[in-house]
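To keep things clear, I will list the structure first and then write my remarks on it.
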Amino acid sequence: MRLACLTLALLGLTASAAEDARAIVDAADERHRLPAERTRSRMTLQEKDGPARERVMESWSLTDKKTGDRLRIKFHSPADVQGTGLLSLENVSGGDDEQWLYLPAFKKTRRVAQSELGDRFMGTDLFYEDMKRRHTDDYTHKLLPEEKVEGQDCWVIESTPSAPKVVKESPYGRSMTWVRKDNYFIVRVRLFDKKLEPLKQIDVTGLKKVSGTAWRADQTTVVDVKRKHRTLITVLEREAKALSPDVFTRRELESE
Amino acid sequence: MSTVLERSAKRIARWLVSRPIQALWLLIGVSLASAAALPFLRIEAGQSAFLADDDPATRFSEEVEKAFVNDDVVIVAYETDDPFSQRSLEEIRAFGKQVAAFSRPKDGSDVSVIDDVTSLATVKDVRGADMTFRSVPLVPDEVPSSPAELEEIRAHAKANRLIREGLLSASSPRLAALLVRLTPGSTDVDRAFVVERLRALIAAQPSQTRFYVTGLPVASVDAVHYMQLDLQRFIPITYTLLMVLMLLFTRRLIGVLLAIINATVAIVVGMAILAALGSLTTLSTIMPPMLMVLSVATVVHFLTEYARNTHVVGPARAAEVSLSELMVPAFMCELTTAVGFLSFAISRIPAMREFGLAAALAVMASLFTSFLVLAVAVRYFGAERLISSQGIAASARVERVVGRYTDLAIAWPKAMLAFVGALSLLAATGLWWFRVDHSDLGQFDRGLPIRQATDLVNAQLGGSNELIVSIKTPNEGRFLEPAELAKLEALEHFLQTDVQASNATSVADHVKLMHRGFNDDAPEAERVPETREQVAQLVLLNGDDRVFHYVDRTWKWARVGARTAESGSDRLMRRFGQIDAYLAQHFPRSAGYEAAVTGSTHKGVVMANNILDGQVSSFLLSFILIFIPITLVFGSAIAGLYTIPSNIFPILACLGLMGWFDIPLDIPTSMVASIILGIAVDDTIHFIQSLRAGIAEHDDVQRALRHTMATKGVGALWIALIITSGFVALLASNFKPTHDFGLLTAFAMVAGIVAEIFLLPPLIIVTGTRLGVPLRARLAPTEAEATPVVAE
């Protein structure tokens, strides 16, 4: 699923064989990329000691360096948001990305200008920042002492925003990433706010090799440390197959 | 019982007089140990000390705070030429950023104490145009400089009700607010840190902008500050007044010094007891002046007896006899005072319990240290060095006046009673206007910055107190239903009109703004959408966590907030009553709602009411606890009964005064009744005991009355004067309730003397009572021994 992948890959941190932090980050960028992907997943939103709320959604993603990444999400449940869709188109020419939201209850599509990257994505524990592909050049990376996660040896990389635009706009002041040494997959991320206080932790489980060197996780858990809120994303179906660019149009977005 | 007490008193007096060096070492040891404990005295002024441990309002408020957001908000009002000028917006943005970055060291690392800062420079606005929906900051990252763009920002702010009512003044275009919300679970230390840093930051701001800081967190922090200032004022004022009075009374510097040393030891020991049992609160700030006057009163009693006994039994035995004679009545008096305070120990309020217990123990400890001080003093100084015969002579002149008055009281007792009856009626009439009211923000003196800030925010920015309504339902997603949102809207309207609150806000407002934005900012679209699906889909657009200040993430629990300029508990309680009635009607339990008023303001009012209710129980208990032992020690129910009217009168007079002069019954003033009872009864004990001894000796009530009035009446006047001076010091308080408390207790002391002189003697004459003393002819030898309890 694209969203689960984005949660990790979009953090701008993937692994390479090199031991240098930047080299790990740079070289790994290609390793887990898939040209196109469709997933159906269940998103469970859970308050601490509170009831869980579930959403089922389908997402389509296309990775293309020339035209830019594309993503479409469609909600299937609960009933009151059924058919709601989001279309996200990366702008490779340097302008703002485009995001369109279709609300079937109004039968209207609106362009969503989420200028605040620290805003939450559709009530989840993910920020709009997490939905963007990050560029490793925008950060400085530092290798920390290695640690084990779930018995697996991992590099631990600390990344700090360095590009002025990112420093200004990102809700994060620092991140720590645990990269498995055997397959270069990110299995844990800790995110800190601008005051460098813990904000979120992301853990993935159920790792599967899906194609070539690309791996995916079946479960992603995002915990908002401050709100004591958790978002669990479980992949129900996954397909790595070619997708037509027509999938990523407003007409498709508005199809119910 | 009395003979046992007397025998014990004689033994203790003999020991004290024969071993002054041991007494001195004991005194030094107790004083030094107490002084060592003083640095551990905590100062507490937050609500927590005044909230019952098991209070349901507190628990519910904490539950709501946990589910939504902390309502500990510091309101920073600022006045500038134009809040929408580039300079002001940039300044406020920089100021807000610095405030948001406040963090303090906790457990080895710096922890943020600010949840969020809302100002014109940070608040978000929802906008829609050309098929674009935007949730953007009202002011862009780069504050524009062109007048047209700044005007556009102003127009957007005014078009958004949440911004308009939450941050702008309806009456002054120069005034705006910045709201600083503290992190959930903030402690008094966090609040103190934030307020101190905030004020330091304000002091460094450009002079074009004037800042005013208020809100409950500021009130609790400032209360600590002014409490310390109060103490710094009370103690020297009381010392000065006592020195003047003691100089007038003794005409001897050594006599004055004795009283001052005794008062100082009493404060040090008393404060050490408070440090061990609790903390310094607005209640316990009255302890130092009170302990000072009580300990000086003991010195006055002793010196009177010492001077008299020097002539009667000779200088060699005068000290021991005086200490022995004083010990039992002094013990009884301090015991009744302590019992008055001890009655607070039954309170559910921690601060009251601690105060009651500490004050009771401190009063008894002051008696103990007073006798040590006196024992050491008499070792080195004879009566003539401690009190001048001129001082006594001055008192003797008063004695002659009192004697003439006694003749009058004996001749015209009914007229005297009628006079006191008329005064009582006058006081009782005042009860018609008597009211109960407590205000955390209104307690400060009008000249203080926090009070001025509060008054400004109340008058021009919608109010400084937050009203919170919680509405819980069992159904997930219930507040996605348009009908439910409409009910929240109606509740907001009710709060703004009937309850006269301002800035009423609920999740309905956020949904309406999103609906307007989604419909290209069409003003008519600022309404609750028609279907649940529309609401559910619109809220997916929301990326701002502030919506969840008003609804939980399951949409089954809503919180409605508003601000009110009301701060008095009485009026707020009426407002809460109105809201409760509305909630019962529109959000009934039968329909699955659990709706209630909550929040810090509500908690504060509940706290005040708990305390005030507790005072009634405390007073009744102190009444029983004081009069039962008096009756037992006198060995006569009649004698016990006659102590009641002259002690009820000052209480009635006080309550009447409160009605006449619109002094509300609040936390400090609610203690007046119990304290008056504990202190004023002391003179009555001395009076009744002397009278009973006189009746037993002369078998003549009128002769006994003349003798008692001549000997005890003058002493009572001096004591009343000294105790009044201690409470007069409280008039210098920065807190209106403490000031009122001082005024009332000082007044009560005067009223107590009035009752002692104008009520008790004529009452005894009119009723012809012998105060339980049997006729001498019928008196059996064993009964005669048991009759006088307290030796004159």
Side-chain angles (χ1 to χ4, degrees), chain A residues 45-53 55 73 75 78-86 98-129 165 168-169 171 193-198 224 226-229 231 250, chain B residues 66-67 69 97 100-103 109-115 124 127-137 140-142 183-184 474 476-477 480-481 514-515 517-520 525 529-548 552-557:
Chain A
L45 308 175
Q46 175 103 48
E47 295 283 342
K48 190 193 176 196
D49 306 325
R53 291 165 295 137
R55 290 175 185 171
I73 295 172
F75 285 90
D80 49 22
V81 295
Q82 190 178 358
T84 303
L86 175 87
E98 277 185 42
Q99 283 184 328
W100 296 86
L101 189 76
Y102 172 67
L103 301 188
F106 294 93
K107 298 201 178 300
K108 281 182 183 173
T109 298
R110 286 288 179 271
R111 186 174 174 180
V112 186
Q114 288 292 348
S115 61
E116 292 288 282
L117 294 175
D119 278 358
R120 296 191 183 274
F121 170 72
M122 299 207 159
T124 69
D125 290 297
L126 296 164
F127 289 157
Y128 277 88
E129 161 90 347
K165 190 172 190 302
K168 189 176 171 187
E169 292 179 358
D193 64 16
K194 289 195 166 175
K195 296 177 195 170
L196 302 184
E197 289 180 10
D224 186 315
K226 283 191 173 170
R227 293 193 312 169
K228 311 271 191 295
H229 189 265
T231 300
R250 278 183 54 193
Chain B
K66 198 173 152 192
V69 70
K97 271 185 183 170
F102 285 173
S103 60
S109 59
D110 278 357
V111 178
S112 174
V113 286
I114 304 296
D115 192 16
K124 281 192 174 177
R127 294 176 200 169
D130 304 327
M131 288 183 68
T132 301
F133 175 93
R134 292 187 298 159
S135 167
V136 291
D141 288 343
E142 293 292 328
T183 47
E476 191 174 312
L480 290 169
E481 295 290 347
M514 282 190 275
H515 192 224
F518 194 74
N519 286 284
D520 295 338
E530 284 155 14
T531 68
R532 176 192 170 102
E533 287 72 23
Q534 288 179 333
V535 176
Q537 290 168 25
L538 265 185
V539 298
L540 284 177
L541 285 170
N542 173 63
D544 187 354
D545 262 359
R546 287 173 213 211
V547 169
F548 299 110
D552 79 327
R553 284 164 209 280
T554 63
W555 289 74
K556 67 178 184 181
W557 191 357

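Bear in mind that the values here come from a model prediction, so they are computed numbers and not experimental data. Within every chain, numbering begins at 1; the chains are lettered A, B, ... in the order of the sequence lines, protein sequences first and strands thereafter.
Among A/L45, A/L86, A/V81, the residue with the largest count of heavy-atom pairs under 4.5 Å with chain B is A/V81.
Atom CD of A/Q82 is separated from atom CD of B/Q537 by 9.5 Å, given to the nearest 0.5 angstrom. Atom CZ in A/F106 sits 6.5 Å away from atom CG in B/N519 (nearest 0.5 Å). B/L540 CG to A/R55 CZ: the interatomic distance, rounded to the nearest 0.5 Å, is 5.0 Å. Rounding to the nearest 0.5 Å places CG of A/L101 at 9.0 Å from CZ of B/F133. Distance CG/A/D80 to OG1/B/T531: 9.0 Å, rounded to 0.5 Å.
Only the side chain of B/L480 comes within contact range of chain A, judged by heavy atoms closer than 4.5 Å. Interface remark: B/D110 contributes backbone atoms only to the contact with chain A (heavy atom separation under 4.5 Å). Neither the backbone nor the side chain of B/E530 comes within contact range of chain A; no heavy atom of the residue lies under 4.5 Å from a heavy atom of that chain. Contacts between A/K108 and chain B at a heavy-atom distance below 4.5 Å involve backbone atoms as well as side-chain atoms.
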- Kindly indicate, with the supporting measurements, whether the criterion side chain to side chain contact (heavy atoms under 4.5 Å, CB included) is fulfilled by A/R53 and B/T554. CA-CA 7 Å; A/R53 291 165 295 137; B/T554 63; 4.0 Å; yes
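Side chain of A/R110 to backbone of B/G517: no donor-acceptor contact under 3.5 angstrom is found.
With sequence neighbours left out, the ring-ring contact (aromatic ring centres under 6.0 Å, His included) criterion links B/F548 to no other residue.
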